[in-house]
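These notes concern the structure reproduced below.
Atom set for the values below is all heavy atoms of this structure, side chains included, hydrogens, waters and symmetry mates excluded.
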Amino acid sequence: MNQKTYKDEVEEKLAKSLTAQTPELIPYLPYLLMDIWDLGSSPEDMRTLIEEHLPSPHKLHIIDMGCAKGAAPVHLARAFGCHVKGIDIIPEFIEAAVKHAEANGVGDLCEFVVGDINEAVLIERNYDIAILDAIMDVLGTPAETIRMIRHVIKESGYLLINDAYKMRPEDQESRDSREEAKTTGSKYSSPKMALDEIPEFPLEVLEAPYLTYDEWLALFRAEGLEVVATIVTEGQALFSFNDAQMALIQVRAEELKALHPEKQVLFDEFIRAQGVKQAAPDMPLQGITWLVRKIQFMPSRYR
């Protein structure tokens, strides 16, 4: 029986985070995603949250754990003149990030490193902000990820998390009514909830791979974090963004199928998985960017 190595486990997590069904696809990901710089991030939302809630943003030291091609680091460095470090395991992504930083005049403010964030979370420390941009599967469940990443930031430091929460039927109805009254592409900020207003959940519920909005709040509280503010992406804006990216990916997938006809099923499965991720009819997901602050010291469980 073949036993999985650490490298095998990392590649499986990476593949899952990018909706690849198998690590066999990883060598082809740089080509499939060649035309997309902003791989799922919301740099404008991150900028807004920092601008509105953090003093002296030009003094910030930020780390982006799983930076892909550097969209968020470059955007924030340009906006604030702050220093940002980005880490990603795909060399081609880091190469693209360096080029984007130089082209945007922030090469001296951005540092990009090829590395495994599973290892980086054990050694990186004392940042003002850590960014987690739709990479939860790489570190594990949301609970596992938060437990590791909170030690990267200073006491009273911040996490910027761009991910999603699982919508309940009443959430769906509420969102539908909001969208009827709003212009396509609009966004809204969710109200802050006091710590004592957050519902209680059994610990095993918070270990699930997908959490509702209230379960995210409970997880943050359990890990000594407080939600400062959020920006939630309206459904139509999210679908439009995804559709534009899908069109680009499909073109590259067809080119790869012509070059590697023996792997046609592999590329077709990737495209199919992307569509399932976006539609998710059995589990509607709502995109959200969280700004949370560390309010309680907890020893790391991963040293």
Side-chain angles (χ1 to χ4, degrees), residues 2 4-43 64-72 86-100 112 114-118 132-141 145 162-164 209-210 233 235-285 287:
N2 293 330
K4 286 184 184 178
T5 65
Y6 174 75
K7 183 174 182 291
D8 293 333
E9 292 177 356
V10 169
E11 288 185 345
E12 285 183 5
K13 287 181 178 180
L14 173 63
K16 186 178 178 182
S17 73
L18 292 169
T19 326
Q21 298 301 299
T22 168
E24 184 184 357
L25 192 69
I26 290 176
Y28 303 101
L29 286 174
Y31 193 92
L32 285 163
L33 304 174
M34 177 191 304
D35 305 303
I36 304 171
W37 178 29
D38 183 353
L39 290 173
S41 68
S42 303
D64 188 342
M65 307 293 275
C67 66
K69 299 181 184 180
I87 301 174
D88 201 279
I89 202 168
I90 298 181
E92 292 88 347
F93 286 0
I94 291 298
E95 182 181 347
V98 170
K99 290 179 180 178
H100 282 303
F112 293 107
V114 178
D116 176 7
I117 62 172
N118 288 275
L132 287 168
D133 192 357
I135 53 90
M136 287 297 180
D137 292 328
V138 177
L139 291 173
T141 65
T145 299
N162 174 42
D163 209 86
Y210 297 100
T233 308
Q236 188 57 50
L238 186 62
F239 289 136
S240 298
F241 178 77
N242 287 340
D243 287 346
Q245 289 198 337
M246 274 295 296
L248 296 171
I249 294 171
Q250 284 178 318
V251 170
R252 296 302 180 184
E254 291 302 319
E255 293 173 354
L256 284 174
K257 284 194 283 186
L259 291 170
H260 306 281
E262 75 282 3
K263 296 188 181 294
Q264 177 173 333
V265 173
L266 181 69
F267 303 129
D268 284 342
E269 276 297 302
F270 178 66
I271 294 298
R272 186 197 66 78
Q274 294 292 314
V276 170
K277 176 184 176 183
Q278 292 176 30
D282 57 335
M283 185 186 295
L285 298 176

Measuring from atom CG of L32 to atom CG of L256, what distance do you get when rounded to the nearest 0.5 angstrom? 5.0 Å
Can you see which heavy atom on S42 is nearest to which on D133, and at what distance? N-OD2, 4.3 Å
Does the side chain of I249 reach to within under 4.5 Å of the side chain of I36, using non-hydrogen atoms? yes
Do you know the tightest heavy-atom contact between F112 and C67? CD2-SG, 3.9 Å
Can you sort out the partners of V251 under side-chain contact (heavy atoms from CB on, under 4.5 Å), two or more places apart, ordered by chain and number? E255
Working to the nearest 0.5 angstrom, can you tell me the gap between N162 CG and D64 CG? 10.0 Å
When rounded to the nearest 0.5 angstrom, what is the spacing between NZ in K69 and CG in L33? 6.0 Å
Report the distance from atom CG of D163 to atom OG1 of T145, rounding to the nearest 0.5 Å. 8.5 Å
List the atom of P30, the atom of P27, and the distance in Å for their closest heavy-atom pair. CD-O, 3.6 Å
So how far is it from I271 CD1 to R252 CZ, rounded to the nearest 0.5 Å? 12.5 Å
Closest contact, heavy atoms only, A71 versus P43: O-CB, 4.3 Å
About how many Å separate CD1 of I117 and CG of L139, when rounded to the nearest 0.5 Å? 4.0 Å
Starting from the C-alpha separation in whole Å, work towards a yes-or-no answer on side chain to side chain contact (heavy atoms under 4.5 Å, CB included) for V114 and D88. CA-CA 5 Å; V114 178; D88 201 279; over 6 Å; no
Determine the minimum heavy-atom distance between A68 and A97, stating which atoms define it. O-CB, 4.3 Å
Sequence neighbours excluded, which residues qualify as side-chain contact (heavy atoms from CB on, under 4.5 Å) partners of K99? E95
Mind checking ring pair (Phe, Tyr, Trp, His ring centres under 6.0 Å) for Y28 and listing every partner two or more places apart, or none if nothing turns up? H260, F267
Can you name the side-chain hydrogen bond (donor to acceptor under 3.5 Å, both in side chains) partners of E254, sequence neighbours left out? K257
